[in-house]
Amino acid sequence: MQLIIQSKALADAILAVLLTQWPGVGTDLQYKNCFELIIAVILSAQCTDEQVNKVTPALFANWPDPASLATAPLEALEKAVYSTGFYKHKAQHIKETARIIAETYSGRVPETFEALLELPGVGRKTAHLVQSLCHNKPGLIIDTHVLRITQRTGLALSSNPYKTEKILASIITEELHARASFALNRQAKHICTARKPQCEICSINALCRTYSPGNFSQ
DNA sequence: ATCCCGAGGG
DNA sequence: CCCTCTGGAT
């Protein structure tokens, strides 16, 4: 109980800073609609957004909607998404996801979390991201950046994304799920980086359990 | 050598 | 819990 209270206070303090610093809710992925977003997010697994943005313009020019993407030759898709890595899985996933969206959901990206999770290539992170940006629904988006910064700061001491999601859900109100996710993502991506974190200029270093002045290693 | 807005399977 | 899938950037 005491732990939860302390965690909530820490979350409140960290979010007070980060929500002001990163007021926007968004992604660096380029997309024109829900369908393009969910495909782009599937492609973003273990890959930078910039790399995804290099392949999606041609991908959506050739196959602009779920029905057409569902009919795309697998080999052509593998070539189209090759540079994003995991290309065999990703090609199959986006083709099959497009087919299900076209056939089962009349070409519209489903709104419920359960329906999204059933799409191949869509896990909790992707489902929550789509719900946040497309359907304006709450959802904590635990990507590699959020996982790293929550571990380092002590906001959630877990290396398991699902556990971290549950911990954060217990200390962050639903209304803030999307904004908190993007603010944490931004801070981690630009300041609390994996390799050389910029602790000295980090706006929440006073709240971070890992930080001590002069310590650049973590 | 390590990491990138993961997911699926054992 | 673990492992595998994968190219590109640093």
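Basis for what follows: all heavy atoms, side chains included, without hydrogens, waters or symmetry-related copies. From a predicted model like this one, the values you see are computed outputs, not experimental measurements.
- Between the side chains of A/N53 and A/D28, no donor-acceptor pair of N or O atoms lies under 3.5 Å.
- Other residues, nucleotides and ligands contribute over 12 non-hydrogen atoms within 6.0 Å of the NZ atom of A/K166.
- Taking the P atoms as reference points, C/dC5 lies 22 Å from B/dC5, given to the whole Å.
- In this structure, A/H128 and A/F113 have parallel ring planes: the angle between them is below the 30° cut-off, well short of the 60° mark.
- Heavy atoms from other residues, nucleotides or ligands lying under 6.0 Å from OH of A/Y162 number 12 at most.
- Checked against the 2.5 Å cut-off, the SG-SG distance between A/C208 and A/C202 does not fall under it.
- Residue A/K90 is out of contact with every strand shown, counting any heavy-atom pair closer than 4.0 Å.
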Footprint string (nucleotides 1-9 of chain B, 5' to 3'): B base within contact, S backbone only, - free, heavy atoms under 4.0 Å: -BBBBBSS-
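- Within a heavy-atom distance below 4.0 Å of DNA chain C, no residue of residues 71-80 of chain A is found.
- Atom CD1 of A/I94 and atom P of C/dC5 are 20 Å apart (whole Å).
- There is no path of hydrophobic side-chain contacts, each under 4.5 Å, that joins A/F86 to A/V81.
- Taking both residues in full, the closest heavy atoms of A/A188 and A/R148 are given as O-NH2, 3.1 Å, listed atom of the first, atom of the second, then distance.
- Spacing between B/dC3 and C/dC3 at atom P, rounded to whole Å, works out to 16 Å.
- Of the side-chain N and O atoms in A/Y87, none sit less than 4.0 angstrom from OP1 or OP2 of C/dT6.
- Spacing of P atoms, C/dG8 relative to B/dG8, comes out at 24 Å, to the nearest Å.
- Nucleotides B/dG10 and C/dT6, compared at atom P, are 16 Å apart to the nearest Å.
- Residues A/F35 and A/Y31 fall within the same hydrophobic cluster, defined by Ile, Leu, Val, Met, Phe, Trp and Tyr side chains chained together at heavy-atom separations under 4.5 Å.
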